[in-house]
Asker: 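After the structure tokens below, expect a handful of questions from me.
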Amino acid sequence: RIPVLVVASGAAVPAGKGAVLILEPEASFWPVVKGIDRLILGTIVLSALGVTAWALFLTRRITQPLTDISLAAKRIAEGQYDTHLVYDFQDEIGLLARSFNQMASRLRESISTLREKGEELEGVLESMEEGVFLTDTEGTFLHANRAARRLVPSLEEFFSLIRPQWEEAIREGKTVRLAELEFLGRSYHVTLTPLFREEGGVRGVRVTWYDLPRNSSSARRTVFPSRI
């Protein structure tokens, strides 16, 4: 016996006419079937490899640049303002990288400008004959110039004398003046000026004072340590 493949068509045969029946041994068509199976399997494997390669490509082109941008932003937040991304892609990732570099450059310039202005301000304060110190709204000293340390031996004790007026300057948001304050045998004219944020609200106080002559005739407003 020889296994055969029967190929038939379900069609009606007119009366008086015959039909053709094709018989094909199985041995002749199994190589074709196996070839088709191998073709399908090869197609599946190639598709899987293609999807994997595409996933790796997307990881490199999208995920990795986003990770690099996140790390660069962290470095800038830590003060490394010279951080720069190198991506020449002509797509959204490249545009994002270039925008990030522009932002970092502007931030670097702004920080440099602020530092220069801070140095200039510090130079002005240090050259003043009047004593000057700055505080925040919690009473923490932010800066004191050389004259401040020269005019009074203890800024903390001096500050305790003017604490009520300092609180008034913060509470009212206006300048408060002491025409004459006696401290350790010397007289001072003191001005307390509130400092404001750009969006409003007091962020600190600038205290300025100078030594009054012994024969000063200005109106007296004396604060004694025993009354504080």
Side-chain angles (χ1 to χ4, degrees), residues 71-83 102-228:
L71 293 176
K74 183 178 179 180
R75 288 195 295 271
I76 288 179
E78 293 173 350
Q80 301 179 34
Y81 303 115
D82 58 344
T83 301
Q102 292 174 0
M103 179 199 69
S105 178
R106 288 195 295 269
L107 179 60
R108 186 164 53 250
E109 293 174 357
S110 298
I111 294 296
S112 178
T113 300
L114 288 176
R115 285 176 177 171
E116 291 176 358
K117 290 184 178 180
E119 292 173 357
E120 292 175 359
L121 177 59
E122 184 175 359
V124 172
L125 291 176
E126 291 301 324
S127 65
M128 293 175 61
E129 293 295 327
E130 297 85 355
V132 179
F133 67 77
L134 309 176
T135 73
D136 59 16
T137 54
E138 300 297 325
T140 302
F141 287 91
L142 303 179
H143 182 78
N145 67 351
R146 188 179 298 107
R149 295 184 290 271
R150 175 176 53 81
L151 289 172
V152 295
S154 173
L155 289 178
E156 290 75 12
E157 186 177 356
F158 182 79
F159 180 59
S160 68
L161 295 179
I162 61 173
R163 182 87 187 198
Q165 291 73 30
W166 176 85
E167 293 176 349
E168 180 183 351
I170 294 178
R171 184 177 61 253
E172 301 296 334
K174 63 180 182 181
T175 299
V176 177
R177 291 182 174 84
L178 288 169
E180 189 169 345
L181 170 70
E182 290 187 358
F183 177 64
L184 299 180
R186 302 182 70 89
S187 298
Y188 302 99
H189 178 90
V190 185
T191 302
L192 301 95
T193 305
L195 306 174
F196 296 92
R197 302 183 182 90
E198 290 185 3
E199 64 274 15
V202 177
R203 61 180 176 84
V205 176
R206 181 180 68 244
V207 180
T208 307
W209 72 98
Y210 57 85
D211 197 357
L212 290 175
R214 289 292 183 180
N215 58 353
S216 172
S217 59
S218 58
R220 298 177 60 88
R221 183 178 179 182
T222 305
V223 181
F224 297 98
S226 59
R227 297 175 55 188
I228 301 301

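Just the heavy atoms: all of them, side chains too, but no hydrogens, waters or symmetry mates, feed the values below. Computed from a prediction, not measured in an experiment: that's the story for all the values here. Throughout, residue positions are numbered sequentially from 1 according to the sequence presented.
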Asker: Between atom NE2 of His143 and atom CG of Leu134, what is the distance when rounded to the nearest 0.5 Å?
Answerer: 6.5 Å
Asker: Are Leu181 and Phe158 packed together at the side-chain level, in the sense that at least one heavy-atom pair is separated by less than 4.5 angstrom?
Answerer: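 Touching, per the 4.5 Å side-chain cut-off.
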Asker: If you look at every heavy atom in Pro164 and Leu161, which pair is closest and at what distance?
Answerer: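 Answer, listing the atom of Pro164 first, then Leu161: CD-O, 3.8 Å.
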Asker: Tell me if a side-chain donor or acceptor on Ser110 pairs with a main-chain N or O of Arg106 at a distance below 3.5 Å.
Answerer: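 Yes, the answer is positive, given that a donor and an acceptor are paired below the 3.5 Å cut-off.
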Asker: If I compare all heavy atoms of Ala148 with all of Trp209, which pair ends up nearest, and what's the gap?
Answerer: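 Heavy atoms only, the tightest pair is CB-CH2, 3.5 Å.
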Asker: Within this structure, what is the CG-CD distance for the pair Leu151 and Glu129, rounded to the nearest 0.5 Å?
Answerer: 8.5 Å
Asker: Would you compute the distance between atom CZ of Arg206 and atom OG1 of Thr175 and round it to the nearest 0.5 angstrom?
Answerer: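 The distance works out to 7.5 Å.
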Asker: Does the plane of the ring in Tyr188 sit parallel, tilted or perpendicular to the ring in Phe183? Use 30° and 60° as the thresholds.
Answerer: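 Tilted: the ring planes of Tyr188 and Phe183 meet at 30° to 60°.
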Asker: Is the shortest side-chain heavy-atom distance between Arg115 and Thr113 below 4.5 Å?
Answerer: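 Not in contact.
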Asker: Give a yes or no answer on whether the side chain of His189 reaches the backbone of Ala179 with a donor-acceptor pair at less than 3.5 Å.
Answerer: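 Yes; judged by distance alone, with no hydrogens or angles, the pair exists.
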Asker: Which distance, rounded to the nearest 0.5 Å, do you find between the OG1 of Thr137 and the CZ of Arg197?
Answerer: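 Reported to 0.5 Å precision, the distance equals 6.5 Å.
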Asker: Roughly how far, to the nearest 0.5 Å, is CD of Gln80 from CG of Asp82?
Answerer: 7.0 Å
Asker: If every non-hydrogen atom of Phe196 is compared with every non-hydrogen atom of Gly173, which pair is closest and at what distance?
Answerer: CZ-O, 3.4 Å
Asker: Which heavy atom of Pro194 sits nearest to which heavy atom of Ala169, and what is that distance?
Answerer: CB-O, 3.8 Å
Asker: Does Val190 reach the side chain of Gln165, with side-chain heavy atoms less than 4.5 Å apart?
Answerer: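 Of all side-chain heavy-atom pairs linking Gln165 with Val190, none is under 4.5 Å.
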Asker: Of the non-hydrogen atoms in Glu180 and Ser187, which two are nearest, and what is the gap between them?
Answerer: OE2-OG, 3.0 Å
Asker: Can you list the steps and then say if Val152 with Leu184 is a side chain to side chain contact (heavy atoms under 4.5 Å, CB included)?
Answerer: CA-CA 9 Å; Val152 295; Leu184 299 180; over 6 Å; no
Asker: Taking only residues two or more places apart in sequence or in another chain, which ones pass side chain to side chain donor-acceptor pair (under 3.5 Å) with Asp211?
Answerer: Arg186
Asker: Are Thr208 and Thr193 close enough that some pair of their side-chain heavy atoms sits under 4.5 Å apart?
Answerer: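 Heavy-atom side-chain distance check fails, nothing below 4.5 Å.
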Asker: Once ring-ring contact (aromatic ring centres under 6.0 Å, His included) is applied, do any residues pair with Tyr81, and if so which ones, sequence neighbours excluded?
Answerer: none
Asker: Quick one: pull up CD1 in Ile162 and CG in Leu192 and give me the separation to the nearest 0.5 Å.
Answerer: 4.5 Å
Asker: Looking at every heavy atom in both Leu155 and Phe141, which two are closest together, and how far apart are they?
Answerer: O-CZ, 3.9 Å
Asker: Using a 3.5 Å distance criterion without hydrogens, assess whether the side chain of Asn145 forms a donor-acceptor pair with backbone atoms of Glu130.
Answerer: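 Checked: pair present.
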Asker: Does CD belonging to Glu199 count more than 12 external heavy atoms closer than 6.0 Å?
Answerer: yes
Asker: When you measure from the side chain of Ser160 to the backbone N and O of Glu157, does any donor-acceptor pair fall under 3.5 Å?
Answerer: yes
